[in-house]
2 protein chains.
Amino acid sequence: MVEDTSQLLDVLTGVEFFRGMSPTGLDAILRLADLTSFDADEYLFFQGDPADVFYIVVDGRVKLTQVNEEGVQVILNYPGPGEAFGIVAVLREMAFPVTAQTVEPTRCLAWRDSQLKQMILEYPQLGLNAIRILSKFIVEFQERIKELSTERVEQRVARTLLRLAGAEEAGVSGSRAIDFRLTRQDIAEMSGATLFTISRILSAWEREGLLGSDAQHITLLQPARLQELAEGRE
Amino acid sequence: MVEDTSQLLDVLTGVEFFRGMSPTGLDAILRLADLTSFDADEYLFFQGDPADVFYIVVDGRVKLTQVNEEGVQVILNYPGPGEAFGIVAVLREMAFPVTAQTVEPTRCLAWRDSQLKQMILEYPQLGLNAIRILSKFIVEFQERIKELSTERVEQRVARTLLRLAGAEEAGVSGSRAIDFRLTRQDIAEMSGATLFTISRILSAWEREGLLGSDAQHITLLQPARLQELAEGRE
DNA sequence: ATTTGTCATTGCGCTAGCGCAATATAGGTA
DNA sequence: TACCTATATTGCGCTAGCGCAATGACAAAT
């Protein structure tokens with residue numbers, strides 16, 4: 001199914017979902033996968049579609065969104081290289097709870113729901129890994145719920161940017177770029193605010209030298225200061 | 001470790017985490033568990049404690065909360081009989097992201113982190129079950145994020161009450177009681193609003209005959225109408 | 001019977017952030 | 001060069017919901 005197996009094996013060894021797998025096992029699993037290429041802005045699946053595929057991003061970036069009854073959109077996650085999505089739905093014989101759309105040209109490995117189940121039963125380590133990954137999401141989502149419930153927009157925007165820049169794990173020293181296209185509308189949909197409010201906040205921050213933006217690419221120039229704002233320490 | 005094994009076995013067979021387990025396996029797992037009784041309002045663990053235990057509620061009710069830097073609390077979940085909590089943290093060698101406190105006298109089965117890991121490796125079916133449970137939370141949390149981002153307080157309160165009454169699965173016909181103590185403050189902390197706003201909304205709904213409340217026990221008299229409010233159909 | 005503590009209600013003023021409209025900017029393309 | 005479309009900015013008025021304070025209701029404790 002896959003052309004360039006050895007190169008892909010390299011990628012997969014860094015993927016959390018496959019942590020602790022033997023090269024032999026990994027190779028067997030890789031043989032089951034489909035490698036698919038997508039253009040930018042292409043839809044992988046829609047919220048409500050029957051969930052029968054599970055993806056891992058090889059390169060590129062995918063946007064996961066939900067819409068409410070009135071059609072207002074919320075962005076839930078931006079999985080990038082090495083990250084998995086679709087596990088959530090695949091084992092529950094349910095519909096995808098989100099819509100997946102690429103934001104740039106993207107390649108993904110895909111497995112069918114039945115294959116995933118089989119893989120986990122054969123390699124229980126994968127079950128543990130999946131639990132770890134899902135737990136991480138739960139913790140992140142819990143935090144976002146907390147933020148939406150108790151914090152003001154400015155704090156949430158700061159947190160959103162830090163999160164997107166991956167500045168949490170990496171510490172807050174030096175400047176950090178968000179390496180994919182990101183409109184004000186996107187940021188609004190991630191932080192639970194309106195386009196207008198985001199525009200005002202980001203303009204102010206640019207004026208203060210907190211961040212630089214050009215052509216929808218944002219760079220956090222003072223992550224440490226942003227971190228302060230995120231925590232409400234004005 | 002456990003006194004009344006046969007009675008507990010009955011409870012466990014209904015638990016999602018143990019779905020598909022053989023009686024023999026279940027029995028072996030039960031032997032590893034500790035059954036602990038808690039009074040009302042007792043703390044099981046605090047946010048930030050090292051996560052080394054995984055619980056299943058036998059009877060009673062537990063409240064899972066988070067606090068932000070300023071000490072404002074958010075309620076994330078109210079696990080009841082048959083429901084698991086603590087899986088989230090236990091496999092990630094991390095701290096509990098929430099505080100767990102009973103809301104009434106409660107009995108829980110508890111396993112150590114190392115035991116859970118061992119159990120899953122021995123019975124991969126448990127891994128699949130855990131993934132299903134975690135996925136359900138993710139979907140619920142995603143929905144709450146969507147609600148907090150796009151809906152007004154009244155809608156969110158309606159949804160919170162329906163969720164607590166378990167009216168989603170059970171359909172919306174007939175009246176439904178929420179069978180545990182629940183203050184206005186609690187509802188506020190679940191729906192991302194203030195005590196005052198909740199009080200106003202619930203008073204109005206009581207006047208309209210939508211719900212009845214006495215001694216901190218709320219009954220949804222017209223779940224279908226609440227469902228309409230939740231969806232913004234005024 | 002009185003006190004104490006917890007929880008709920010309601011009035012009132014305030015403000016963060018929404019929502020709309022008008023205008024500006026910047027790539028892409030013909 | 002001019003045009004088109006998508007995105008961003010900014011001003012302005014408005015309101016949902018917050019935050020405080022005063023009061024009330026009820027149960028448990030002494």
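Treat the numbers as computed from the prediction; the structure is a model and nothing was measured. Throughout, protein chains are lettered first and strands after them, A, B, ... in sequence-line order, and every chain is numbered starting at 1.
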From CG of B:Leu182 across to P of C:dT6 the rounded distance in Å is 18 Å
What nucleotide, of C:dT9, C:dA16, D:dT9, holds the atom closest to the side chain of A:Glu206?
D:dT9
Pairing of A:Arg132 and A:Glu16 as salt bridge, 4.0 angstrom limit:
no
Which nucleotide in the set C:dC7, C:dT10, D:dT10 lies at the smallest distance from any side-chain heavy atom of B:Thr183?
C:dC7
Salt bridge check: are A:Arg61 and A:Asp179 linked by an N-O gap of less than 4.0 Å?
yes
B:Arg152 side chain, from C-beta outward: closest of C:dT9, D:dT10, D:dG17:
D:dG17
Of the listed nucleotides D:dA8, C:dA8, C:dC18, the one nearest the side chain of A:Ala193
C:dC18
With under 30° as parallel and over 60° as perpendicular, where do the rings of A:Tyr55 and A:Phe38 fit, or are they tilted in between?
perpendicular
Out of A:Arg152, A:Arg156, A:Arg159, which one pairs with A:Glu147 under the salt bridge (Lys or Arg N to Asp or Glu O under 4.0 Å) rule?
A:Arg159
Rounding to the nearest 10°, end axes of the helix from C:dA1-D:dT30 to C:dA30-D:dT1 built from five pairs each make an angle of 30°
Non-neighbouring partners of A:Gln185 that pass side-chain hydrogen bond (donor to acceptor under 3.5 Å, both in side chains), sequence neighbours left out:
A:Glu189
Classify the side chain of B:Arg200 and the base of D:dG19 as holding, or not holding, a donor-acceptor pair under 3.5 Å.
yes
Can you tell me the distance, in whole Å, between the CZ atom of B:Arg181 and the C1' atom of C:dA8?
14 Å
Would you call the rings of B:Phe45 and B:Phe85 parallel, tilted or perpendicular if under 30° counts as parallel and over 60° as perpendicular?
tilted
By nearest atom, which of the nucleotides D:dT7, D:dC18, C:dA21 is closest to the A:Phe196 side chain?
C:dA21
